[in-house]
Amino acid sequence: MASGGSVDLEDVPSLDLMTELLRRMKCASKPDKRLILIGPPGSGKGTQSPIIKDEYCLCHLATGDMLRAAVAAKTPLGVKAKEAMDKGELVSDDLVVGIIDEAIKKPSCQKGFILDGFPRTVVQAEKLDEMLTKQGTKIDKVLNFAIDDAILEERITGRWIHPPSGRTYHMKYAPPKVPGIDDVSGEPLIQRKDDTAEVLKSRLEAFHRQTEPVIDYYYKKGVVSQLHAEKPPKDVTAEIQKSLS
């Protein structure tokens with residue numbers, strides 16, 4: 001029976017129920033893992049996180065998405081976050097850690113989580129560790145997507161997308177058959193406003209200044225795995241599996 005806004009299982013198709021049941025049975029034997037993904041924009045975190053999530057039955061926590069969800073759901077922390085956003089202020093580290101704290105108690109995070117986009121500063125890392133210690137857990141592994149800035153510039157500035165379908169191309173690695181035109185629809189491709197050398201430069205400066213010290217912080221705890229993020233995605237996946245085994 002449904003109660004408190006939960007889903008009535010009688011209304012869920014049998015195939016969906018069986019699929020979820022089999023997934024949970026497979027997941028039961030997986031070891032718990034609490035991971036942080038760190039790397040500059042374009043380093044491949046977005047490609048690898050769904051693979052890690054499925055392989056180890058983890059929940060994927062992207063702080064931007066979580067903040068928006070908390071605001072939309074009008075949770076007590078979401079209301080506080082909205083107040084800060086409406087004033088044009090940054091949401092405090094304590095609030096973000098509180099939202100993560102709430103999220104990791106959900107059943108989908110039972111086997112652990114992947115944190116993507118947080119912590120971005122050493123202070124945030126310390127607050128996160130403090131919260132996890134109170135729960136009797138800790139970060140098991142920090143995956144550092146190490147890559148040279150020059151490679152990133154080539155990767156990002158060469159990206160073109162077809163907005164209606166989300167199809168992506170790269171002028172060097174996966175070019176369209178006709179330059180500037182989507183292979184399937186024949187419609188024009190665009191470059192995202194963020195995919196320029198200028199925007200990338202400022203984002204990389206912020207990453208080196210704020211987030212690289214976070215890698216040093218976790219190195220001292222002996223939990224960092226250095227990945228060669230310039231390699232093809234399959235090779236990076238193999239490196240990740242090796243470091244998590």
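All values below come from the heavy atoms of this structure, side chains included, with hydrogens, waters and symmetry mates left out.
Contact annotation: the side chain of Lys221 never approaches that of Ile139 to less than 4.5 Å [non-hydrogen atoms, C-beta and beyond]. Side-chain contact between Val224 and Tyr217 is absent, with no heavy-atom pair separated by less than 4.5 Å. Between Glu130 and Val97, the closest side-chain pair of non-hydrogen atoms is not below 4.5 Å. Leu95 has its side chain out of reach of Leu67: every pair of non-hydrogen atoms, C-beta onward, lies at least 4.5 Å apart. Side chains of Val236 and Ile240 form a contact here, defined as non-hydrogen atoms less than 4.5 Å apart. Using a 4.5 Å heavy-atom threshold, the side chains of Glu55 and Lys30 count as touching. With a 4.5 Å cut-off on side-chain heavy atoms, Asp149 and Phe207 do not count as touching. Between Pro164 and Glu187, the closest side-chain pair of non-hydrogen atoms falls below 4.5 Å.
With hydrogens and angles ignored, the 3.5 Å screen pairs a side-chain donor or acceptor of Gln48 with a backbone N or O of Pro233. Listed for the Lys33 side chain is a donor-acceptor partner under 3.5 Å among the backbone atoms of Leu244. At least one donor-acceptor pair closer than 3.5 Å links the side chain of Glu239 to the backbone N or O of His228. Side chain of Thr168 to main chain of Ile161: no donor-acceptor pair is present (N/O by atom type, distance under 3.5 Å, no hydrogens or angles). Counting only distance, with no hydrogens or angles, the side chain of Asp140 and the backbone of Arg34 share a donor-acceptor pair below 3.5 Å. Tyr169 contributes a side-chain N or O that, together with a main-chain N or O of Asp183, makes up a donor-acceptor pair within less than 3.5 Å.
The hydrophobic cluster containing Ile181 also includes Val178, under a criterion of side-chain heavy atoms closer than 4.5 Å among ILVMFWY residues, counted directly or through chains of members.
For Gln110, the CD atom sits in a loose shell: 12 or fewer heavy atoms of surrounding residues, nucleotides or ligands are nearer than 6.0 Å. Residue-environment remark: CZ (Arg120) stays at or below the threshold of 12 foreign heavy atoms within 6.0 Å.
In terms of hydrophobic clustering, with Ile, Leu, Val, Met, Phe, Trp and Tyr side chains grouped at heavy-atom distances under 4.5 Å, Val71 and Val79 are assigned to different clusters. No continuous path of ILVMFWY side-chain contacts below 4.5 Å connects Leu227 to Ile51, so the two sit in separate hydrophobic clusters. Cluster membership check: Ile99 shares its hydrophobic cluster with Leu128, using side-chain heavy-atom separations under 4.5 Å among Ile, Leu, Val, Met, Phe, Trp and Tyr. Placement of Leu37 and Val214 in two distinct hydrophobic clusters is found when ILVMFWY residues are connected by side-chain heavy-atom separations under 4.5 Å, directly or transitively. Using a 4.5 Å cut-off between side-chain heavy atoms of Ile, Leu, Val, Met, Phe, Trp and Tyr, with links allowed through other members, Tyr56 and Phe145 fall into the same hydrophobic cluster.
The shortest non-hydrogen separation linking Met66 to Leu61 is SD-CB, 3.4 Å. In terms of heavy atoms, Ala81 sits closest to Val91 at O-CG2, 4.0 Å. Here the closest non-hydrogen pair linking Ser185 and Arg167 is N-NH2, 4.3 Å. Considering every non-hydrogen atom in both Lys111 and Leu58, the closest pair reads O-CD2, 3.4 Å. For the pair Phe118 and Ile36, the tightest heavy-atom approach, listed with the atom from each and the gap, is O-CG2, 3.9 Å. Taking all atoms of both residues into account, the shortest heavy-atom contact from Ala146 to Gln226 is CB-NE2, 3.6 Å.
Remark: Glu83 does not engage Lys87 in a salt bridge, criterion side-chain N to carboxylate O under 4.0 Å. The residues Asp86 and Lys82 are annotated as salt-bridged, a charged nitrogen and a carboxylate oxygen being separated by less than 4.0 angstrom. Under 4.0 Å is where a charged nitrogen must lie from a carboxylate oxygen, and between Asp93 and Lys127 no such pair does.
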